[in-house]
Chemist: 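The following block contains the structure, expressed as structure tokens.
Basis for what follows: all heavy atoms, side chains included, without hydrogens, waters or symmetry-related copies. Sequence lines set the chain letters: A, B, ... in the order given, protein chains first and strands last, and positions in each chain run from 1.
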There are 2 protein chains.
Amino acid sequence: MVKQRFRATSYDVAEAAGVSQSTVSRALSGDPIVAAATRERIVEAARRLNYHIDSSASRMRSGRLNTIAVVVICPEDEDVRAFNPFHYALLGGICAAASARGMETIVSFQGAPDRLDDHFERSRRAIGMIVFGTSENRAAWDYFQASADDGCHVVCWGAPAPAHELPWVRADNHGGARAAVEHLLDHGYRRIVYVGEADCPQRQFAERYDAYAETLAAAGLMPRIMTLEPGHSRHEQGRRAAAALIDSGEPFDGLFTACDDIALGAMALLEERGLNVPGDVGVVGFDGVKAGQFSVPPLTTIEPDFAVAGQRLVDRLQALVDGEENTQGRVPVRLVVRGSALGRVATPA
Amino acid sequence: MVKQRFRATSYDVAEAAGVSQSTVSRALSGDPIVAAATRERIVEAARRLNYHIDSSASRMRSGRLNTIAVVVICPEDEDVRAFNPFHYALLGGICAAASARGMETIVSFQGAPDRLDDHFERSRRAIGMIVFGTSENRAAWDYFQASADDGCHVVCWGAPAPAHELPWVRADNHGGARAAVEHLLDHGYRRIVYVGEADCPQRQFAERYDAYAETLAAAGLMPRIMTLEPGHSRHEQGRRAAAALIDSGEPFDGLFTACDDIALGAMALLEERGLNVPGDVGVVGFDGVKAGQFSVPPLTTIEPDFAVAGQRLVDRLQALVDGEENTQGRVPVRLVVRGSALGRVATPA
DNA sequence: CTGAAAGCGCTTACAG
DNA sequence: CTGAAAGCGCTTACAG
């Protein structure tokens, strides 16, 4: 049995410091009205007694909460191994931003339909939820859309589908996609194909496609899209799209993909089929996932600023709770130049 | 301004159901003594009023907590982009396991020395902490060791250094390393080098080395270690170690690395220097990170069961809090055969 | 600037 | 099986 250690209360500190309990509470909550000398005695007594404010009591009495619920939507099988690492980087950014604002984060990974849970706010455990994750788990997104409709405070990353009207924060998909396509153009690629869904319900992907098409048009070139086969991992979808592209017989020399995992799959297949990247085909992805550093060649990509993404999401949620103006947020991106689009050395495939 | 919605209390439910407040509390907390008919009326009234137990009040009164603090130790600069994805998979496993046991997880990423924080338990926000992350942030590990010495309940993954005496859960490093080396031997590799620290303070790495040496010895072969240069990323350390190995002039045809990131760096350099993997050199890593699926060739590795790892950590913490026997935990691993060690087709380099 | 007192919303002995 | 009552440890008007 572990020894039940003595836990000091504010009354113990009050007695040790020779003041009343209310003064202890004021001093330790930083109320400036407390005399400096009094505060010092109290702080010292608290330190000696290893006293820390009981957060449940404080929350109950004040009604104030400093906790955000972060919901990571995973695949229905909840297998985290196959999970897009992009989401993890985002999670890190959110936790860091919350912490910098003195807030705590309750994190839950939710995937299985029968285990979805939005009771954080109703049970007063959090002021609201930040939701993000795979756009493929539609049941989960529908569930949290219903939570929001029901009065919960919900902010999401990305906005997975047109039917969803959650307040959102997104990457600067337009600027990122334009930078990606311009990078390909600047390095001599001309027959640049977009690999991703057509009419994509994921708005972030749709935005990337639109900017791709615009940028090509501005250069006097025709857009071309190679769509994905549903029901496969992003990596496998990239492989299949690249294979379909080769088999189509129509020449191409550049790929801009909806996300990095698709790009990595496509690159692997191109190499297998004897096409050199970047010599025959230039490839640029989107997301800045770490795996792109280790591919051969390393993947040129568009990387959102994850720290800013976390800040925007936390601030957006706080604003929503405070009833402030509905400002959406765009997160800046940067082009990360690695080896996969450094220039053609051969004729298009 | 957001409309301040009415929030029902147990008194409102009591009135609606025509019972006393104590009976509401009993019914909703699942006390079996409540009559079935009474319970039904109460549950229905609670549903109608959208009532949920206030978790702060419940915790304060009962003194019971169902929250675990999860501390992810990151590099001091808190840059999550470069963070080993292995840790993220572990985080997912922990959150899933806690959730399956009806517990919540407060997650914090901690790196900067001036922002380390272990007050979860003293402020009654959590029953204890699960700590894991980069072994390189010694200040952070020392800090949480001090927390444990100070009476906090702390369980860690891995145990970064001999000076640390935290209760731990670890992978079956011995079994994993043996499987890795046997896989290399089975595919014809004979001059197998371990790439990692010698006398490594990280016990997990030390265990991997020991099993490597034992397995080679059992096959009548000599161990050889190529150590890492401190102050670089794991990937860069792998590159440099592979370069040093080639430059040493001593032939080798297999690498077993302390972790996947090192293996990926080493593979990249081998290819750059014109050595084929797996034709000239077989490579096996440890961790099962997703990036290994996308490398060329894909990386054969030892993958711990992240779901089991999460369960063991949560259970270990609960046992520690309950004062139960100090059982450490080993997490099973499996050999993931991909392309990087499929057999030699040439003479050793 | 400090103290006495009320009360946040529950859980849980105790009584019946 | 149910109810009346105490009290968890704070914060915060109110009084001085």
Chemist: Consider side-chain contact (heavy atoms from CB on, under 4.5 Å). Of B:Arg122, B:Gln145, B:Glu121, which one does B:Asp150 pass it with?
Modeler: B:Arg122
Chemist: Nearest of C:dT11, D:dT11, C:dG9 to any side-chain atom of A:Ser25?
Modeler: D:dT11
Chemist: Rounding to a whole Å, what distance do you find between B:Arg124:CZ and D:dG9:P?
Modeler: 6 Å
Chemist: I need the CZ-C1' distance between A:Arg64 and D:dT12, as an integer number of Å.
Modeler: 10 Å
Chemist: The side chain of A:Ser10 is closest to which nucleotide in this list: C:dT2, D:dC10, D:dT12?
Modeler: D:dC10
Chemist: Go through C:dG3, C:dG9, D:dG3 for me and flag the one nearest to the B:Thr23 side chain.
Modeler: D:dG3
Chemist: Assess whether a salt bridge exists between B:Arg47 and B:Glu40, defined as any Lys/Arg side-chain N lying under 4.0 Å from an Asp/Glu carboxylate O.
Modeler: no
Chemist: Whole angstrom is fine here: how far is it from CG in B:Asp12 over to P in C:dG9?
Modeler: 9 Å
Chemist: What parts of residues 30-43 of chain A reach DNA chain D, counting only heavy atoms under 4.0 Å away?
Modeler: none
Chemist: Rounded to the nearest angstrom, tell me the gap between atom CZ in A:Arg59 and atom C1' in D:dC8.
Modeler: 16 Å
Chemist: Take A:Glu44 and A:Arg41, measure what salt bridge (charged side-chain N to carboxylate O under 4.0 Å, His left out) needs, and give me the verdict at the end.
Modeler: CA-CA 5 Å; A:Glu44 168 56 21; A:Arg41 277 212 317 288; over 6 Å; no
Chemist: Just to be sure I follow the notation: if a pair is Watson-Crick (purine N1 to pyrimidine N3 plus N6-O4 or O6-N4) or a G-U wobble (N1-O2 and O6-N3), each under 3.5 Å, what dot-bracket string does DNA chain D give, with | for pairs to another strand?
Modeler: |||.||||||||.|||
Chemist: Would you kindly give the CG-to-P distance between A:Leu28 and D:dT12, to the nearest whole Å?
Modeler: 14 Å
Chemist: Can you tell me how far CZ of A:Phe120 sits from CG of A:Leu65, rounded to the nearest 0.5 angstrom?
Modeler: 12.5 Å
Chemist: I'd like a table of atom pairs between the protein and nucleotides 4-7 of chain D - only N or O on both sides, under 3.5 Å - with the distance next to each one.
Modeler:
residue	atom	partner	partner atom	Å
D:dA4	N7	B:Ser22	OG	3.3
D:dA4	N6	B:Ser22	OG	3.2
D:dG7	N2	B:Arg61	NE	3.4
D:dG7	N2	B:Arg61	NH1	3.1
D:dG7	N3	B:Arg61	NH1	3.2

Chemist: Between B:Asp118 and B:Tyr143, do the side chains contain an N or O donor and an N or O acceptor separated by less than 3.5 Å?
Modeler: yes
Chemist: Please state how far atom CE in A:Met60 lies from atom P in C:dG9, giving the value in whole angstrom units.
Modeler: 8 Å
Chemist: Is the Lys NZ or Arg CZ of B:Arg138 less than 6.0 Å from the centre of B:Trp141's six-membered ring, within 45° of the axis?
Modeler: no
Chemist: Please report the distance, rounded to the nearest Å, between CD in A:Glu15 and P in C:dG3.
Modeler: 13 Å
Chemist: Over 60° means perpendicular and under 30° means parallel, so tell me whether B:Phe109 and B:Tyr88 are parallel, tilted or perpendicular.
Modeler: tilted
